Amino acid sequence: MTQTSTPFPDGFLWGASTAGHQIEGNNVNSDWWRREHDPAANIHEPSLDACDSYHRWAQDMDLLAQLGFTDYRFGIEWARIEPERGFFSRAELAHYRSMVEGARARGLRPMVTLHHFTVPRWFEDLGGWTADGAVEAFIRYVEACAPVIADGVGHVCTINEPNVLAISAAADRTGEPAWPSTGGAITPDEKTTHALVAAHHGAVAAVRRINPAIRVGWTVASQVYQALPGAEEATAAYSRPREDVFIEAARGDDFIGVQSYTRTRIGNNGPVRAPEDVERTLTGWEYYPGAVGYALRHTAEVIGDGTALIVTENGIATADDTRRVDYYAGALEAVAAAMEDGINVEGYLAWSALDNYEWGSYRPTFGLIAVDPVTFARAAKPSAIWLGGLGRSRELPRGA
Ligand code: BGC
């Protein structure tokens, strides 16, 4: 029999996440736009108009609020705010300020991501994160975001998935595959790791200068490295540069964002591909809803100081929405179990609010809300109604 319980306390964040480049469309001044139009980059398809959320953000927020969500994580685009080095666009800052106010007017608490994978073209031309002056340039951008975040923003994420950025930097440099799902086991680029940690610490200080009441942190990709028997030491060594150093760099922050989708099993020779017969999602990852529970436990253990955790991304790319509901039900059970074991979790934000541009392709649909690519019409999927509804009832079906 299905039982219900209410593991999520008052004030618990209940939301969905997006990223600027993946939904706004026409982010033409960014490094990603350039890459999407470079034949040598071998990108399946460009983002183009994406979900046109640059113009339709109000519709997105209306829907999320109506569905029952209380929190919305969205990104603001550095490439729009600082289109040329040192020129900060008042118009773009006003645009993002309207989004903050629009969220609050609808009863959605905004969580703002300052950097989600994309940089302005001029920043890339200077040499990216490891160039002289890169960290200072990022901090100046964060300071310039004061008009957007100074009032009414409860949470700010500085840099999204710095570990993914450092792994991608190594892959770009060497041409090796980056991810275990494509046979990769590359070590993150160390200089990029150091630059990102410095940029994060500088950004945290800048956000606190803007308004010390803002809760600030960064969001780390948890790959849920699980040791095969006898490979415990190899797994710990594998996790360290790819994940743990980024978690440790969050000590002293107001929260750390935990983002997980699947697991990666590690043997003594590195990642071991899941057996052919496991269920896979549209990204090719193993269907593994319990991942987020492991991710929370690992993050809490590594950070070790009781810093609050927020699940800032968790979800599944599938064309079968019933499978999405199953995935979220399993994931939420794992979150509730971690909380019952005393892990300090302050919120859960699903990835993603919308079917969006999945860094090279529109095919992996992570969205709770479908978007018509021609008319941009939005349609909430049954999973959105189900997950949003839990935001109202806060009741989790157990053993469903
Ligand atoms: C990123 C998102 C991405 C999602 C699914 C995370 O790595 O932050 O931008 O769409 O995972 O791949």
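Note that this is a predicted model, so its numbers are computed, not measured. Along the sequence shown, residues carry numbers from 1. All ligand and atom numbering here is 1-based and tracks the order in the structure.
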### Query
Out of His21, Glu124, Glu77, which one pairs with Thr118 under the side-chain hydrogen bond (donor to acceptor under 3.5 Å, both in side chains) rule?
Glu77

### Query
Do Tyr72 and Thr18 have a side chain donor and acceptor closer than 3.5 Å?
yes

### Message
Is a donor from one side chain sitting under 3.5 angstrom from an acceptor on the other, for His200 and Thr158?
### Response
yes

### Query
Does Asn160 have a non-hydrogen atom less than 4.0 Å from ligand 1?
yes

### Query
Rounded to the nearest 0.5 Å, how far apart are CD1 of Ile247 and CG of Asp253?
12.0 Å

### Message
Checking a contact table here: which protein heavy atom is nearest atom 12 (O) of ligand 1, and how many Å away?
### Response
Glu358 OE2, 2.4 Å

### Task
Look at atom 6 (C) of ligand 1 and say which protein heavy atom is nearest, naming residue and atom and giving the distance to 0.1 Å.
Glu313 OE1, 3.1 Å

### Query
Side chains of Gln226 and Tyr288: donor-acceptor distance under 3.5 Å anywhere?
yes

### Message
Return the closest protein heavy atom for atom 7 (O) of ligand 1 as residue, atom name and distance.
### Response
Glu161 OE1, 2.5 Å

## Note on the structure
Judged by heavy atoms only, the candidate from Tyr357, Tyr261, Trp351 nearest atom 11 (O) of ligand 1 is Tyr261

### Task
Take the angle between the ring planes of Trp129 and His115 and call it parallel below 30°, perpendicular above 60°, tilted in between.
perpendicular

### Task
Find all atoms of ligand 1 within a distance of less than 4.0 Å from any non-hydrogen atom belonging to His116, and give their numbers and elements.
1 (C), 2 (C), 8 (O), 9 (O)

### Message
Tell me whether Trp285 reaches ligand 1 (any heavy atom closer than 4.0 angstrom to a ligand atom).
### Response
yes

